[in-house]
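Working notes, structure below.
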There are 2 protein chains.
Amino acid sequence: MGASKTDSFTEKQNELAILAKALGHPARIAIIEYLLKVDACICGDIVNELPLAQPTISQHLKELKNAGLIKGNFEGTSICYCIDELGFEKIKGFFQDITKYLEKRKNNCC
Amino acid sequence: MGASKTDSFTEKQNELAILAKALGHPARIAIIEYLLKVDACICGDIVNELPLAQPTISQHLKELKNAGLIKGNFEGTSICYCIDELGFEKIKGFFQDITKYLEKRKNNCC
DNA sequence: TTAATTAATCGTAATATTGCAATATAAAAA
DNA sequence: TTTTTATATTGCAATATTACGATTAATTAA
């Protein structure tokens, strides 16, 4: 095989997996961290910031955008990429559930 | 290529990416959700719970364990898998940074 | 118009992931 | 010991990801 059995899981599970997967690469973590740092961005900056070729970064940006973690708009001469709150809101709920569980958990079997 | 340029990124970026990547599959999200629900687990339960073959689930459990998101100990006849707080603590910090940023962000260029 | 700049897309090689049947391992039960 | 039960490992086919050179597309500057 090689393809995930997407149909076998809930829409929410797939959605979360897509978001997590998009963050599952150090270059994409670096891009998000950079966007947080500069609080606005044009793609050229990222190309200078990261040790990857321009097409590779463009591809990573596309994946982050498809997952809903960043937004990109034309801003004069180049493209402005920013954090997309919506995507992060979705992940937040998942981690809040886990945090809540960890705080009150009693069964410490492992 | 095909391999990530791990060496080009910080240790923290790689660590976060590994954690996120481990969550980047619906089956592994389902496993985590199930562990949260039952608050303790033996692998057999998961095999019955998910629409995947036993070797496939074993593999997903291994990946979650390697990433530090779950722990597994022998519990009599079978193995008890639980949430590993440490891994989730690490991700938590990252999302707290993002949440903090999103709350006070002003530059809404996109 | 032509040249320069910026970013996306195409094509492709190297590598990783997903899923499972078959098999192996290890412990408990008979 | 033999059988059963529970989980891990191996091997492999199908598919996905990563990275980048070459190219394209679109805009700005000259």
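Here is how names work: the chains are called A, B, and so on, in the same order as the sequence lines, proteins then strands, and each is numbered from 1.
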Protein-nucleic acid N or O pairs under 3.5 Å, nucleotides 23-26 of chain C:
none

Which atom pairs, one a donor and one an acceptor, fall under 3.5 Å between side chains of residues 43-61 of chain A and the rest of the protein, sequence neighbours left out?
{"from": "Asn48(A)", "atom 1": "ND2", "to": "Gly44(A)", "atom 2": "O", "distance (Å)": "3.4"}
{"from": "His60(A)", "atom 1": "ND1", "to": "Arg28(A)", "atom 2": "NH1", "distance (Å)": "2.9"}

| note | With sequence neighbours left out, the residues meeting salt bridge (charged side-chain N to carboxylate O under 4.0 Å, His left out) with Lys90(A) are Glu15(A)
| request: May I have the distance from Ile70(A) (atom CD1) to dA8(C) (atom C1'), rounded to whole angstrom? | output: 13 Å
| said: Using 0.5 Å steps for rounding, measure from the SG atom of Cys82(A) to the CG atom of Leu36(A). | reply: 11.0 Å
| message | Expressed as a whole number of angstroms, how long is the span from Gln59(B):CD to dT7(D):C1'? | response | 14 Å
| message | My understanding is that only residues two or more places apart in sequence, or in another chain, count here; which of them pass ring-ring contact (aromatic ring centres under 6.0 Å, His included) with Phe95(B)? | response | Phe95(A)
| request: Nearest whole angstrom, please: distance from the P of dT18(D) to the CD1 of Ile29(A). | output: 12 Å
| message | By nearest atom, which of the nucleotides dA16(D), dA19(D), dC20(C) is closest to the Ala3(A) side chain? | response | dA16(D)
| query | In chain order, what residues pass the side-chain contact (heavy atoms from CB on, under 4.5 Å) check against Lys92(B), with sequence neighbours excluded? | reply | Thr99(A), Glu89(B), Gln96(B)
| message | Restricting to side-chain hydrogen bond (donor to acceptor under 3.5 Å, both in side chains), what partner residues turn up for Thr10(B), sequence neighbours left out? | response | Gln13(B)
| query | To the nearest Å, how far apart are Arg28(B) CZ and dT18(C) C1'? | reply | 9 Å
| message | Contact list please: residues 9-19 of chain A against DNA chain C, heavy atoms, distance less than 4.0 Å, in numerical order. | response | none
| To the nearest angstrom, how far is His60(A) atom NE2 from dT18(D) atom C1'? | 6 Å
| said: Using the side-chain contact (heavy atoms from CB on, under 4.5 Å) criterion, which residues pair with Lys65(A)? Sequence neighbours excluded. | reply: Ile70(A), Tyr81(A)
| query | Once you round it to whole Å, what is the distance between P of dA8(D) and CD1 of Ile79(B)? | reply | 4 Å
| remark: Ser58(A) has its side chain closest, among dG19(C), dT9(C), dA19(D), to dT9(C)
| field | Spacing between Asn66(A) atom CG and dT18(D) atom C1', to the nearest angstrom | value | 16 Å
| task | Whole angstrom is fine here: how far is it from CG in Leu52(A) over to C1' in dT18(D)? | result | 9 Å
| message | Once rounded to the nearest 0.5 Å, what's the spacing between atom CG of Leu23(B) and atom CG of Leu23(A)? | response | 10.0 Å
| field | Under 4.0 angstrom between Tyr81(B) side-chain N/O and dA8(D) OP1 or OP2 | value | yes
| field | Where Ala22(B) and Ala67(B) come nearest, the two heavy atoms and their spacing | value | CB-CB, 3.5 Å
| message | For Leu16(B), give me all partners under side-chain contact (heavy atoms from CB on, under 4.5 Å), at least two apart in sequence or on another chain. | response | Ile29(A), Glu33(A), Phe94(B)
| field | Residue pairs fulfilling ring-ring contact (aromatic ring centres under 6.0 Å, His included) with at least one residue in residues 27-48 of chain B, sequence neighbours excluded | value | none
| field | Strand-adjacent residues in residues 20-27 of chain B, judged by heavy atoms under 4.0 Å from DNA chain C | value | Lys21(B), His25(B)
